[in-house]
Structures are given as structure tokens and as C-alpha cells.
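Here's the structure we're looking at; comments come further down.
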Amino acid sequence: MRTSWADLAANSAAENAGPGSSANNVGTGSNLAPTRPVYVPPHLRNRQPAAESPAPAPAYSGPSSGAGNSGSRYAAPRNDYRPGYGGGGGGRTGGWGNKSGGWDRGREREVNPFEEEDNAEEAFSEQENTGINFDAYEDIPVETSGDNVPPPVNTFAEIDLGEALNQNIRRCKYVRPTPVQRHAIPISLAGRDLMACAQTGSGKTAAFCFPIISGIMRGQSVQRPPRGVRTVYPLALVLSPTRELSMQIHEEARKFSYQTGVRVVVAYGGAPINQQLRDLERGVDILVATPGRLVDLLERARVSLQMIRYLALDEADRMLDMGFEPQIRKIVEQMDMPPPGARQTMLFSATFPKEIQRLASDFLSNYIFLAVGRVGSSTDLIVQRVEYVQESDKRSHLMDLLHAQRANGVQGKQALTLVFVETKKGADSLEHWLCLNGFPATTIHGDRSQQERELALRSFKSGNTPILVATDVAARGLDIPHVAHVVNFDLPNDIDDYVHRIGRTGRAGKKGLATAFFNDNNSSLARALSELMQEANQEVPAWLSRFAARSSFGGGRNRRSGGRFGGRDFRRDGSFSRGSSDYYSAGNGSGGGYGGSGGYAGGGYGPGVTSAWD
DNA sequence: AAAAAAT
């Protein structure tokens, strides 16, 4: 299959949350929209102590008291951690069974994360009803390796995530698990560590959130050790490389944990720390953070990692590259986090170079490696074009593209265009120039204040400034719906970054266009780029093939290792493989169409590449 | 060489 499974998948995760994209509902028959048949508002739910009387607060385990007993799940939500939560002496004195006492006082009204979104997405809902063909990614290639890999599931119903979580899954309009979810969720629920290759947008966030939330809900009560009164003890930590990505993960996690009593807090830099501190004080089970701010919080002893049971690293390859690694090691290895084996660790990334896997394996214990076919590599939905443009001609060339595109803008609005440049300075200057020339543009990069960054993103998403000039800060993971065109004004040096960038378009089963400006400065990318495009059945200009041929010797740096996956289990690289399962034999049970999907295999990959598989 | 991430 050569369609963009990952993007399809992606959107089951991200975009389905909007009311507009009702396409996936087909299967359920349940009318998703705001009809919430079974939903009982919080204030009513807790009115009636019901049959299950206020049991003497089985400590903090909250809904787990009702584990397996779905009806009672809501009877004792944990929303009322009270001020004493985690505080001195493990002060859960009030106990959450204590309805009359502190209930209303301590309880924060939980904002319904599903409703905020309904309005925000309204603007686009009209144009958004292209169908999403879920069958299209049924047979995505999947590779797993490691000891005793738990079998994948095909439906959410097969997994006992609990009624509250199931309800949120319905609210999100997820019909079926995406490939990464089908495999990763059972692995996580089995308590196993995981290294997963899957692009953000393939449903990854849910893949690690569901097991975490479910695990926290059914977890045994935790005595949080006394430390400073203000120290909090999250049970799960999710790290991501950019602030915006952390925000996005937090938004999603909030939806998944709505009314489960599981609290999600986000902490990142560039924003005043005080609000974040207050959020933490109100209790946190899952902390989503960028590394710098987290280190700050740890050093202030406002957060302790002592009780961490789940650790998830998003975009893990980025997190372990040269700039980040020391910080990550500090957090994971040099603070008070339980060691591998004593916690459950999940690493996700679209690409996993061997060296990064080696570093990452320090964090893992007897882990399972999971790879699902990669985004962008096999998609018909993203049309990739490469044009030879000299540096000096780039601006006028961009102008031509934008003019042409203005003509077929949707509903009088210019289609959203994301323009990637190499430098922050370049971003500012291009933005300025675009504005001067009558194209409403804004920019996002690391020299802008967090406020400016967030404003820019909002303004772009809303269509106010339909052109966003970005550095690689926006390349990874960000789910910006409705991007019609990604322009690589400056190509990246790494083909993986290219893949990440173009993955910002072609989502929700809609077509996307990616245009790259190529010139002699990019010759080191030529080979990888032309291979990638061939693999995706894109037309490769003859001049690019010539560049590729010229750089073919000595250009190993950018050579992609695996073709259809972003990585391959490095443990297999030795003369003998430590993993017990072989993906060509038993392990393949998971991998539906693996090896059989001609779209991938035939995709024009040279003979040399296949050999990378054995 | 650049970008990201704490103040």
C-alpha cells in the first residue's frame, strides 16, 4: 500500500478531535458530536454517593477502586486531591471519599477540553470532509523485535482501558487504533519498555498516554513521600524537545484523561513559572515538560521524580542529539528517578539512528523495538516537487508560488503555507519581505518570545497570516491542520528533517504539496532526497538524479538506513541477534503486509538498500 | 553551521 498511512493514522489521533472531521465515524454509528448519551456531568455524578458508599478512602488510588467495575469509576473521581496532596506527611487527610467535607472546596472544576476545540475548529469544518480511508493503513509494514512481544490488538474494545478512558476515546472520535497504537498499547500495558519508530501524528501521543493513564488509574495507592511541602511527585513524565510540542501533548493528554481523575500538567520555558508552579501544587500525575524548565523545577525541589512509574520521550532522537543529551541524562540518570526496570520507559521517534539507539538503550530495560512504516515515504497525498533555484532567486521564486496559489485559495482565503528556512535571522527577514510584498506572514523561531511564538502559531492556524516562516522549531511533531503547502525555502542538511517537515502537510487524507528549492549548496542531500522521492513514487527531475549520482560516493552520511522505516533495531546488527523474535518468522505475525506491500518494496529502492535488512 | 532548551 502506498498511501499515506501515517498521515491517515495521524489524523485519527489528532484531527478527529475536531467536529469537522467526522469522516471516521462511519464505523461507529454512534453519533459523536456533542451528544453524550452516557455522560453524566460531574456535579451530578458525585451528588449521589450511590450504592458504593464512601469507602474509607483507599488512599490515593482513586478510580482504581472501581477497576473492572466500570459503573463505579466515576463514583470516586480523584479530582479532589486536596491541597494536602503530596504535601508534608503524605497528607491526604481529607480523603477523597469524603464527599461532604472538602469536596466542593478542593475541587477544581475540570474544563471540558472537548468543548474548547469545537469552536476553534469550526472555521474549517466545512472543507474538511474528505473521507479518511482507514483500511488504507491496515497493512502497513510493522517490525517488532525483542523478547516475548505481546501481540497487537485490532480494536480498542480488545483492550481494557477502563470506562472513563473509553469514553474519552469515543469523544475523540477514534474508531480504531492506528498501527502504532495497535502494537504499542499492548506492549505498554504488559509493562514492557519500548523503543518505537513512528512519526508524530501517527497516533503516537495516544499510544503512550492511554497506557499511562490507564496504569495510573488502576495503580495501587501511592504514598507520596514527604519532602518539602511544595514538592510534587508525578507518576509519569513526558519529555519533548520544543515548547509547542509539549503544549500540544498536554492538550491531547488532557482530553484523554478528562474525568479520569488523572491530572496532567505542562511545564516549559519562556512562560512565567508561577502559573506552572500553581498548577503543580494542585496535583500532578502526568508531567509534560521541556528539559530546561524541568531541570529548573527539579533544582528548586518543586518536583521530585522519585515516584515516576512511566517515562516517555517524544522525538527521542532529537532529545538525545548532541545539544540535548546531557540535560536528558541529568534528568533521567542523575536526579531521583527510579532506574530502568523500576520504571517503564517508552521512547518514540520518527527516526532512530544507530548511535541514538545506543544512547537510548541506557534508559531501557529488556525493551521491545517497534517500527512502523514511515510517513512521507510512501504517500501519494503529498506531492513532492524539487526546483533548482539559486540563492538569489529564491525570494522571487517563492513569490511566484504564492501568487499562483492565491488564485486557488479556498473560500477566498489563501491556503496555509509553511515556509522552512535555515536560520532565525533568515526567518525574520523573509517574513518582513513577504509582508512588504503584500503577503500576510508571520514567523516562529527560537529568538522570538514564547508569547510571540504562540501568537504566530495561532495566527497561522486561524488563517489570519496564512504564511508561516519557520525554522526547524516547527519541523517536528507539531500538528497544524490544513497546511496545504510546505516550502523548503532552505533545504535541511538531514533527510530526516526533510521528512519531518513535509509531514506537516498532507494530513487528514487531504492532499498536500511540498516544494523544495534546491541548489548547489544542497548537493549533499541530493542522493537521499532523490531516493526518498523515488520511494514515494514522485517524479525525480533528471538534474537531481545527476546530482545524486555525483555525490553517491562519499555521501554516506545522509544515506538512509532502512527504506520504509525510520530505523531498525540496532541490537540486530551484531553477528548474532540478541532479540529472540525474528521479523521474518514468528515476529511477523504482527506485520500484516510486511514484505508484501509492493508499494514499498518495489518503490524504486536500489538493490543496495534491501540488503540493509539483513 | 544552525536550531532547540532555564533564568
Side-chain angles (χ1 to χ4, degrees), chain A residues 200 237-250 265-277 279-280 287-303 305 313-332 334-335 349-351 356 359 391 418-431 443-454 456-457 468-478 488-501 504 517 519-525 557-558:
Chain A
T200 294
L237 176 64
V238 179
L239 291 173
S240 99
T242 67
R243 298 163 183 173
E244 285 77 11
L245 189 50
S246 282
M247 296 170 58
Q248 182 179 303
I249 294 167
H250 174 240
V265 174
V266 66
Y268 51 82
I273 201 168
N274 286 333
Q275 181 58 48
Q276 293 173 8
L277 289 173
D279 290 344
L280 289 168
L287 177 58
V288 182
T290 49
R293 176 56 57 93
L294 177 61
V295 167
D296 188 2
L297 292 167
L298 292 168
E299 285 171 350
R300 294 174 189 225
R302 298 297 296 254
V303 171
L305 301 178
L313 297 196
D314 205 357
E315 305 294 344
D317 63 340
R318 187 55 106 223
M319 303 292 279
L320 288 170
D321 79 8
M322 290 207 324
F324 265 129
E325 191 203 340
Q327 250 179 328
I328 302 300
R329 281 201 187 276
K330 175 167 187 175
I331 292 166
V332 176
Q334 291 153 35
M335 307 301 293
S349 185
T351 51
I356 301 290
L359 296 175
E391 290 298 330
L418 182 52
V419 182
F420 282 104
V421 296
E422 192 65 19
T423 65
K424 296 179 277 201
K425 188 171 164 231
D428 280 335
S429 104
L430 183 57
E431 178 218 16
T443 182
I444 184 167
H445 60 71
D447 275 353
R448 303 200 80 195
S449 74
Q450 190 56 24
Q451 218 173 12
E452 291 171 320
R453 286 165 56 160
E454 286 166 29
L457 206 48
L468 179 65
V469 183
T471 60
D472 267 333
V473 70
R476 286 176 171 258
L478 283 194
N488 274 290
F489 189 90
D490 300 318
L491 273 164
N493 293 315
D494 187 328
I495 191 66
D496 290 325
D497 290 332
Y498 174 83
V499 172
H500 280 286
R501 288 177 175 188
R504 301 309 105 210
F517 296 173
N519 61 40
D520 294 22
N521 300 331
N522 310 114
S523 56
S524 68
L525 193 69
R557 181 67 180 89
N558 285 319

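Residue numbering restarts at 1 for every chain, and letters A, B, ... go by the order of the sequence lines. As a basis for the values below, the full set of heavy atoms in this structure was taken, side chains included, without hydrogen atoms, waters or symmetry mates. Fair warning: this is a prediction, and the values are worked out from it, not measured in the lab.
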Taken in chain and number order and not counting sequence neighbours, the residues that satisfy ring-ring contact (aromatic ring centres under 6.0 Å, His included) with F420(A) are none
Without hydrogens or angle criteria, can the side chains of E454(A) and Q450(A) be said to hold a donor-acceptor pair below 3.5 Å?
yes
Carboxylate-amine/guanidinium contact D497(A) R318(A), below 4.0 Å:
yes
K424(A)/D428(A) salt bridge by N-O under 4.0 Å criterion:
no
I'd like to check the ring-ring contact (aromatic ring centres under 6.0 Å, His included) partners of F324(A); sequence neighbours left out, ordered by chain and number.
none
5' to 3', nucleotides 1-7 of chain B under a 4.0 Å protein heavy-atom cut-off (B base, S sugar-phosphate only, - none) gives BSSSBBS
